[in-house]
There are 2 protein chains.
Amino acid sequence: MEAVRTVSSAPVYTIGELAREFDITTRAIRYYEDQGLLEPIRDGQKRMYRRRDRARLKLILRGKRLGMTLSEIRETFVLYDQAHGHQRQLRYYLGVLEEKREQLKQQRRDIEDALTELEQSYVRCRELLDEQERGDTG
Amino acid sequence: MEAVRTVSSAPVYTIGELAREFDITTRAIRYYEDQGLLEPIRDGQKRMYRRRDRARLKLILRGKRLGMTLSEIRETFVLYDQAHGHQRQLRYYLGVLEEKREQLKQQRRDIEDALTELEQSYVRCRELLDEQERGDTG
DNA sequence: GGTTAAGTTTTCGTTTACGTAAACGTAACA
DNA sequence: TGTTACGTTTACGTAAACGAAAACTTAACC
């Protein structure tokens, strides 16, 4: 009976499992908790992570890939949790969402531009190589 | 005759001009030079930036928006400059380009996902607001 | 000729996001 | 019974990307 972890029906992960799954260190995961990004429950001393935590970890890593800081990521969590507030909060939240959207769109443009340039480099590079190969072997 | 700066036909910028144009500090610009990302010429003590430097500054800022570190950005510059090398270099460069492309595509997926989620939040948020407004005023 | 405005170098401080090591608990396994 | 694997806390270290301040030069203006 080692499956205490799934007894209450909800799947639960250890810190090591998450670390392996997402290829990060346990240190990092604990740090995210320190910064208020994760809230695992405890089994004695040990941290146990539920689906919600795992989902958040995914969001954290995605945020990081997009260059967000941990506190920016935390803010999005906080905002999302507060989204069940009242009019003022909702209006404020709407504003933040619009800002975020503009920023994401800017990033998307940046990426499209970068990909275009990269593609050009790629083609030019291939051309040079083809030339050299024909010159050397043909 | 203060236009010594454009006499040799190529436009040239001072550090302050660039700082204002891109809304960054002069400190940052000097720092980028320190890290080998910019190579302004000198007019006595003063730095003068040419089109190439300005273009690079744009690339630096775009890279930063995408979460790249300065040394990653510098590497892309170095690679680009080396692209006029020989076969080995070109093959290596091709590999790097492919890696970069995959990473950019991952970022693009991340952004699309984030935008989708954001859009959903936005809609739900509007719905809540509409409900409340009808409840309050209607 | 005194004062702004913009530039320079040098140095020290700060924040972020962990890495690394110490020193320890616990459970499984030979 | 010892060692291996995995977990814990605490504390110090570090790289990156500047900010801030000091102490100076140079050019422009009134």
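Below, chain A is the first sequence line, B the second, and so on; all start at residue 1.
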Separation between [atom1] of [X] and [atom2] of [Y], rounded to the nearest 0.5 Å:
X	Y	atom1	atom2	value
Gln107(A)	Ile111(B)	CD	CD1	4.5 Å
Glu21(A)	Arg54(A)	CD	CZ	4.0 Å
Ile73(B)	Leu61(B)	CD1	CG	8.0 Å

What I want to find out is whether [X] reaches [Y] closely enough, with some N-O distance under 4.0 Å, to be called a salt bridge.
X	Y	value
Asp81(B)	Arg52(B)	yes
Arg62(A)	Glu117(B)	yes
Arg65(B)	Asp110(A)	yes

Expressed as a whole number of angstroms, how long is the span from [X]:[atom1] to [N]:[atom2]?
X	N	atom1	atom2	value
Gln45(B)	dA27(D)	CD	P	11 Å
Glu33(A)	dA17(C)	CD	P	16 Å
Lys46(A)	dA27(C)	NZ	P	7 Å
Arg42(B)	dT25(D)	CZ	P	17 Å
Ile29(A)	dC18(C)	CD1	P	11 Å
Gln35(B)	dC18(D)	CD	C1'	10 Å
Glu17(B)	dA6(C)	CD	C1'	11 Å
Met48(B)	dA27(D)	CE	C1'	13 Å

_Side-chain N,O (Tyr31(A)) to OP1/OP2 (dT16(C)) below 4.0 Å_ = no

*Compare side-chain N and O positions of Thr25(A) against OP1 and OP2 of dC18(C) and report whether any pair is under 4.0 Å apart.*
no

*Are Tyr80(A) and Tyr122(B) grouped together when hydrophobic residues (ILVMFWY) are joined by side-chain heavy atoms under 4.5 angstrom apart?*
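Same cluster: Tyr80(A) reaches Tyr122(B) through Ile, Leu, Val, Met, Phe, Trp or Tyr contacts under 4.5 Å.
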
*So what does Arg20(B) touch, heavy atoms closer than 4.0 Å: a base, only the sugar-phosphate, or nothing?*
nothing

_Nucleic acid contacts of residues 60-70 of chain B, taken as heavy-atom distances under 4.0 Å to DNA chain D_ =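 Heavy-atom contacts with DNA chain D come from Lys64(B), Thr69(B), Leu70(B).
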
*Consider the side chain of Arg47(A), meaning its heavy atoms from C-beta on, and name the nucleotide among dC18(C), dG7(D), dT8(D) that approaches it most closely.*
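The listed nucleotide nearest to Arg47(A)'s side chain is dT8(D).
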
_Residue whose nearest DNA chain C nucleotide is more 5′ - Tyr49(B) or Arg27(B)_ =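 Between the two, 5'-proximity favours Tyr49(B).
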
